[in-house]
Undergrad: 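Provided herewith is a single structure, encoded as structure tokens, for subsequent inquiry.
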Number of protein chains: 2
Amino acid sequence: MSAQRSYRDIQEEVLRRIGSREWGPGDLIPSEIALAEEFNCARATINRALRELAEKGHLDRKRRAGTRVALTPVRQAIFDIPITRIEVEESGRAYRHLLLRRALETAPAPVYAALGLDADRPLLHVTAVHLADRQPFLYEDRWINTDAVPGVADADFSSLSANEWLVRNALISRGDLSFSAEAATPADADALGTTAGKPLFVIHRTTWIGATPVTAVRLAHAPGYQLTTTI
Amino acid sequence: MSAQRSYRDIQEEVLRRIGSREWGPGDLIPSEIALAEEFNCARATINRALRELAEKGHLDRKRRAGTRVALTPVRQAIFDIPITRIEVEESGRAYRHLLLRRALETAPAPVYAALGLDADRPLLHVTAVHLADRQPFLYEDRWINTDAVPGVADADFSSLSANEWLVRNALISRGDLSFSAEAATPADADALGTTAGKPLFVIHRTTWIGATPVTAVRLAHAPGYQLTTTI
DNA sequence: AAGTGGTCTAGACCACACC
DNA sequence: GTGTGGTCTAGACCACTTC
């Protein structure tokens with residue numbers, strides 16, 4: 001092996017050896033130094049190739065213990081979570097949103113639990129429908145901790161949606177996400193122009209800035225919505 | 001600025017400057033060489049810090065044009081896609097699976113379309129129910145291209161599920177995924193012990209090895225299933 | 001032509017885990 | 001102690017894009 005190889009070539013070759021069972025699941029593979037000699041390249045190049053494969057779940061690496069082929073090749077799916085307006089516009093449809101409600105009020109107990117806040121504190125409650133080509137696309141039911149983001153108490157979400165306002169004005173550091181299928185509630189059905197009981201694709205999201213809870217939101221998508229990605 | 005900083009310190013500082021609007025959305029930030037001087041480190045260290053932030057969606061980088069703060073900070077969610085057995089066992093429940101059907105037959109047209117295969121070729125049809133603590137957890141309806149993986153035509157999926165067999169024996173290089181909410185079909189209801197029409201969390205997945213389609217599968221989860229992650 | 005990021009090199013020191 | 005991966009350096013050349 002005399003030709004020099006780039007880190008991508010090395011990744012390809014490593015994946016080929018894993019795929020062909022030359023290196024089977026759980027096997028120890030040669031050290032970075034050995035591979036650098038084999039591929040006639042610098043150790044840093046091998047390091048980058050293997051480090052990235054480990055991040056993707058193909059390899060397990062430990063100091064001193066060496067690099068092993070992952071026992072269960074965990075496949076990872078990466079979703080972009082765009083602003084709803086962008087998501088609609090990128091699908092080639094016209095975006096509009098309707099603010100339904102904006103009021104400071106006491107939230108249901110699960111909202112306080114998700115945010116880790118005391119139940120005696122009123123939260124800003126915002127509900128809105130996002131439209132794609134005048135058809136209901138998404139029903140958003142959001143609770144905002146007004147202490148978390150300066151200016152949010154004064155924000156009027158009629159022109160800029162709460163979704164977009166928060167993305168632009170709060171640098172979220174952490175969030176919990178859950179995806180599920182739920183039967184449309186009467187409120188969902190009303191907002192989305194469908195009937196109660198219909199299966200809806202629902203996302204629950206709670207976000208923080210550092211240790212401060214910012215917002216808890218339930219996003220109910222119109223029937224037929226699909227979230228797609230590639231691995 | 002005389003103390004040396006690691007690439008993680010640099011990432012923290014860059015994120016801080018973005019968060020504080022010192023570098024606003026769309027702004028050009030200093031070049032790698034300039035930052036290397038400011039942080040008193042090698043250009044390679046700056047490169048790694050910025051490259052990783054760009055991969056995460058915080059920055060946009062282009063040769064000659066420089067590095068800019070991303071206009072819309074795309075948040076990404078990463079899901080692990082484990083083998084179903086592992087997913088159940090990690091939730092602390094006992095896993096079992098029941099093979100319902102295993103036959104070479106002609107598939108519905110959408111399956112051929114998803115795989116990009118001619119409709120005259122019979123495919124291996126496998127259906128199974130995965131159980132968690134004896135309760136139905138997932139109903140799997142799978143079509144397999146027997147030409148794609150050596151040995152799959154002879155594999156008996158009664159002890160090792162098709163799901164697990166394929167993960168262990170086929171090194172998937174690419175896959176399409178879609179998540180949606182669907183009303184339970186009579187077959188879903190029967191397999192999952194629920195009633196038709198119930199909202200189910202459904203995953204459609206199609207996978208390839210290189211350019212060769214391997215399998216198309218529909219995974220219908222029992223009512224109440226949630227897919228969760230953190231960003 | 002020139003300036004940016006993309007990658008590679010050869011060498012070094014360190015942190016960690018196992019001995 | 002010892003060997004592994006984790007990281008950093010100083011320098012180099014290249015690829016791409018804009019001028």
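All heavy atoms count here, side chains included; hydrogens, waters and symmetry mates do not. Chain letters run A, B, ... following the sequence lines, proteins first and then strands; every chain starts at 1.
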Undergrad: Using whole Å, what does the distance between atom P of nucleotide C:dT7 and atom CD1 of A:Ile10 come to?
TA: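 A:Ile10 atom CD1 is separated from C:dT7 atom P by 13 Å.
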Undergrad: Determine, for B:Glu12 against B:Arg16, whether the closest basic-nitrogen to carboxylate-oxygen distance falls under 4.0 angstrom.
TA: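 No, B:Glu12 and B:Arg16 are not salt-bridged.
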Undergrad: What integer distance in Å separates A:Phe39:CZ from C:dC8:P?
TA: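 A:Phe39 atom CZ is separated from C:dC8 atom P by 13 Å.
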Undergrad: Ignoring backbone atoms, test whether B:Thr45 places a side-chain nitrogen or oxygen under 4.0 Å from the OP1 or OP2 oxygen of D:dT7.
TA: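 The answer is no; no side-chain N or O of B:Thr45 sits under 4.0 Å from OP1 or OP2.
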Undergrad: Rounded to whole Å, how long is the line connecting atom CG of B:Leu50 with atom C1' of C:dT7?
TA: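 After rounding, the gap between these two atoms is 15 Å.
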Undergrad: On the 0 to 90° scale, with breaks at 30° and 60°, tag the A:Phe201-B:Phe201 ring pair as parallel, tilted or perpendicular.
TA: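 The arrangement is parallel - the two ring planes meet at less than 30°.
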Undergrad: I need the single residue from B:Arg61, B:Arg51, B:Arg48 that forms a salt bridge (Lys or Arg N to Asp or Glu O under 4.0 Å) with B:Glu32. Which is it?
TA: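 The single option meeting the salt bridge (Lys or Arg N to Asp or Glu O under 4.0 Å) with B:Glu32 is B:Arg61.
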Undergrad: Please give, in whole Å, the distance from C:dG6 C1' to B:Arg61 CZ?
TA: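 The answer, rounded to whole Å, is 9 Å.
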Undergrad: Can you measure A:Glu52 atom CD to C:dG6 atom P for me and round it to whole angstrom units?
TA: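 Spelled out: CD on A:Glu52 to P on C:dG6 is 12 Å.
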Undergrad: Over how many whole Å does the gap from A:Arg51 atom CZ to D:dC8 atom C1' extend?
TA: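 To the nearest whole Å, that distance equals 12 Å.
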Undergrad: For B:Arg48 and C:dG6, is the shortest distance between a side-chain N/O and OP1 or OP2 below 4.0 Å?
TA: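 B:Arg48 to C:dG6 OP1/OP2: no side-chain N or O under 4.0 Å.
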Undergrad: Given D:dT7, is OP1 or OP2 found less than 4.0 Å from the side-chain N or O atoms of B:Tyr7?
TA: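 Answer yes for this pair, as a side-chain N or O of B:Tyr7 is under 4.0 Å from OP1 or OP2.
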Undergrad: Any chance you could list the contact pattern along nucleotides 11-19 of chain C? Use B for base contacts, S for sugar-phosphate-only contacts and - for none, protein heavy atoms under 4.0 Å, 5' to 3'.
TA: -B--BSBB-
Undergrad: For D:dG5 and A:Thr67 - does any side-chain N or O of the residue sit under 4.0 Å from the phosphate oxygens OP1/OP2?
TA: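 The answer is yes; a side-chain N or O of A:Thr67 sits under 4.0 Å from OP1 or OP2.
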Undergrad: What is the distance from CD1 of B:Ile46 to C1' of D:dT7, rounded to the nearest Å?
TA: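 So the CD1-C1' distance, B:Ile46 to D:dT7, works out to 14 Å.
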Undergrad: Is there a side-chain contact between B:Asn47 and the phosphate of C:dG6, meaning an N or O under 4.0 Å from OP1 or OP2?
TA: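 So the side-chain polar atoms of B:Asn47 do come within 4.0 Å of the phosphate oxygens OP1 or OP2 of C:dG6, strictly under.
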Undergrad: Thinking salt bridges, do A:Glu38 and A:Arg43 make one under a 4.0 Å N-O criterion?
TA: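 A salt bridge is absent here (no side-chain N lies under 4.0 Å from a carboxylate O).
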Undergrad: Starting at CD1 of A:Ile33 and ending at P of D:dT2, how long is that distance when rounded to a whole Å?
TA: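 After rounding, the gap between these two atoms is 15 Å.
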Undergrad: If you compare every side-chain N and O of A:Ser31 against the phosphate oxygens of D:dG3 (OP1, OP2), does one of them come in below 4.0 Å?
TA: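 No, outside the criterion.
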Undergrad: Of the options C:dC8, D:dG5, C:dT9, whose atoms approach the side-chain atoms of A:Ala42 most closely?
TA: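 Among the listed nucleotides, the one closest to the side chain of A:Ala42 is C:dT9.
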Undergrad: Atom NZ in B:Lys56, atom CD1 in B:Ile78: separation rounded to 0.5 Å?
TA: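 With rounding to 0.5 Å, NZ (B:Lys56) is 8.5 Å from CD1 (B:Ile78).
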Undergrad: Do B:His204 and B:Glu182 have side-chain atoms, one donor and one acceptor, less than 3.5 Å apart?
TA: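 B:Glu182 and B:His204 do have a side-chain donor-acceptor pair below 3.5 Å.
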Undergrad: Out of curiosity, B:Leu115 CG to B:Thr212 OG1, how far, rounded to the nearest 0.5 Å?
TA: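 Between atom CG of B:Leu115 and atom OG1 of B:Thr212 there are 11.5 Å.
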